[in-house]
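The structure under discussion appears below in the form of structure tokens.
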There are 2 protein chains.
Amino acid sequence: MVRKRATLKDVAALANVSRATAARALNSYGYVGDETAQKVQAAAEKLGYRGNRLAQALRNGQLPIVGCILGDIQNPFFARIAHDIEVLARECGHNLVIGSSEEELDQEISLLSSLRSLSIRGFIVAPTSATNNAHLQSLNLENVPLVLIDRVAEDVESDHVVVDNEGGARKAVEYLIAMGHRRIGLLQDDMRIFTSRERMTGYRTALAASGIAPDDRLIAVSQSTVEHAVDATIRLFSQKMPPTALFTVDSLMTQGALLAFRSMGISIPHDVSLIGFDDFNLATFTDPQITVVSQPVSEIGRAAARLLFDRLSGKSDPPQKIRFETKLIVRGSVSRHSAG
Amino acid sequence: MVRKRATLKDVAALANVSRATAARALNSYGYVGDETAQKVQAAAEKLGYRGNRLAQALRNGQLPIVGCILGDIQNPFFARIAHDIEVLARECGHNLVIGSSEEELDQEISLLSSLRSLSIRGFIVAPTSATNNAHLQSLNLENVPLVLIDRVAEDVESDHVVVDNEGGARKAVEYLIAMGHRRIGLLQDDMRIFTSRERMTGYRTALAASGIAPDDRLIAVSQSTVEHAVDATIRLFSQKMPPTALFTVDSLMTQGALLAFRSMGISIPHDVSLIGFDDFNLATFTDPQITVVSQPVSEIGRAAARLLFDRLSGKSDPPQKIRFETKLIVRGSVSRHSAG
DNA sequence: AGACAATGTGAGATCGATCTCACACATATT
DNA sequence: AATATGTGTGAGATCGATCTCACATTGTCT
């Protein structure tokens, strides 16, 4: 048998008061007699009344939900962030809607549009594109709080939380150069992505500082999945003059590179040196352990959520721009290359 | 300047028709004159009108959102499932709210209650507890579609999608026994969890079938994170008579075990043999490659979402119970143990 | 011509909760 | 006694979209 949800009207009827009084009693505002309040509470209890958040939201304009659009939940980096945001959202009495853009701008736009029509209170977005952001700007126009995460979008004035991608990449490549490498490969994802650009810039800057001419044949572009990274790595290292070292821009791609090297019989660090951006679980299990640029993953999500909920509670400072440091963690996947 | 969202009323006013007519034109139902329809479309276009889904939902009872409560998004297994569900939900014009119970029953209950007050259309849940499920039963009572995923809940009549946990565990342990092991450790998570129980049963069954007495000292319980698994493994293998082989019940725990072994100087498969439930990215990179029981992760989420959307579109067959096969993938982490 | 459908449109109710306003009654203040 | 203040309550508007119903207007068939 299908039981309908009890509404405020039902509660009011059972308690023999008007809807207005029932609402006052349940939300404790305005004047309500003690006795009346008790009656209403009892009635609500008895009916198992729970307010319809939809109706509440329609009335006062917003749903206690925040939206979060990330590149790919399957990337442990984003999974961690999503998790941290959800925890903080829950603490603040909100639910979290998670959407994945799958690094497609179109999907990001349609997802955002669909979530906006839900009158969601605010958004945390890792924008797919660094440049193409009318949809994000329009959030500003309509005063919907937005926090950018992991990536910055040009022309969008809002809080953001990112890491020092360029510096991290530079440190990694400088280290490779210091170890004697000159043919340094780069395995990166789509250039529209902000982090990809910044890491690429760090890579180029480090090369330039040492007077090493950039070489496009050393750069492979792949989607950020293990499978795609395997293929891209194989292509990169099937050339006549393959790199002697590789820098990968995220942990899934690092793992792809590892698998590719194994399948090609290339040994680390003997045949090739490797540094990955973003640490991962088994980086210290592999033999050798993998040298990485680590970012403070556990702080990013919390920081972004913090910023968003500050906005939601009315803070109107100028946009805050948080940039976390990255750190080169030297382990064993880089060996000295004697110039030949 | 803050622009307000255009409402149907605005569109109607601009097109010089009533709200009712505007609604008809935009949703194409009932009779509308061609010319009028055009006018309305144009007005909507001009104002950038997008319907308020809250209002729509309040009117017709439900929001085009499905909820999904999983154990932990950071587990790649659940991340993959969440991703697949989201993709299918999007195809069906729905958004996905993801919550994480963090394997706490209380959290699962409060999350569910909070999502229900959103008038969400249906749920996909991986219940924390195999037995304690009044909150899930009440979904049945109020006719809210529910699909259980990865885990079954007693006394809850609903579709579910699980894998053959017991069989998978049995195959793994039988294989270890066939390779001469008799002191076989089990690294498992909380016994309230359905999969944990089933895998444990498989483990016990295999032992019993070979006349091996169970020994509680060989069983370690840990939360399903790499860090906790490391600790649990270290405790397990610090005993006087440690196991000669270990079976771990999920991939994060497998990875934890790997890290623990490394830190303890225990080598696989020389000192200890290892089989993990659930495959993972680097299982074929490590040396030796890790033998695992694999489950068809890519099908689970889709299957569950499929079932849910079938229900949402009115299907009312008896509950469907899907159980996928698991497969023992033999790689190199198990070696023959000569009885000592 | 009269009856009857088909087509097109608007007024108003509805979903459920909230909030403003008006009113009633009591007590306090001049 | 007359006015002000404090308390407690209900009627009704509101949020935005949808849907029922009533009312036109046209065309069609006997």
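Chain identifiers are assigned alphabetically (A, B, ...) following the order of the sequence lines, protein sequences preceding nucleic acid strands; residue numbering begins at 1 within each chain.
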* Structure fact -> Heavy-atom nearest pair, A:A82 first then A:L96, reads O-CD2, 3.8 Å
* Strand-adjacent residues in residues 10-23 of chain B, judged by heavy atoms under 4.0 Å from DNA chain C -> B:V17, B:S18, B:R19, B:A20, B:T21
* To do: Would you mind classifying the nucleic acid contact of B:R24 as base, sugar-phosphate or nothing, using non-hydrogen atoms under 4.0 angstrom?
  => base
* Asked: Between B:D10 (side chain) and B:A6 (backbone), is there a donor-acceptor pair under 3.5 Å?
  -> no
* Asked: Any side-chain N or O of B:T36 under 4.0 Å from OP1/OP2 of C:dG8?
  -> no
* Asked: Just wondering, more than 12 heavy atoms not from A:E45 lying within 6.0 Å of its CD?
  -> no
* **Closest contact, heavy atoms only, A:A43 versus A:A15** => CB-CB, 4.0 Å
* Asked: Does A:E35 CD have over 12 foreign heavy atoms under 6.0 Å away?
  -> no
* Across the strands shown, which category fits A:N27 at heavy-atom distances under 4.0 angstrom: base, sugar-phosphate, nothing? -> sugar-phosphate
* Going 5' to 3' on DNA chain D, which nucleotide is the first and which the last to come under 4.0 Å of a heavy atom in chain B? -> D:dG16 to D:dC19
* To do: Taking A:N140 for its side chain and A:E157 for its backbone only, find out whether a donor-acceptor pair lies under 3.5 Å.
  => yes
* Lys/Arg-Asp/Glu bridge criterion (N-O < 4.0 Å) met for A:R311, A:D159 -> yes
* **Salt-bridge criterion met for B:E142 and B:R116 (N-O under 4.0 Å)** => yes
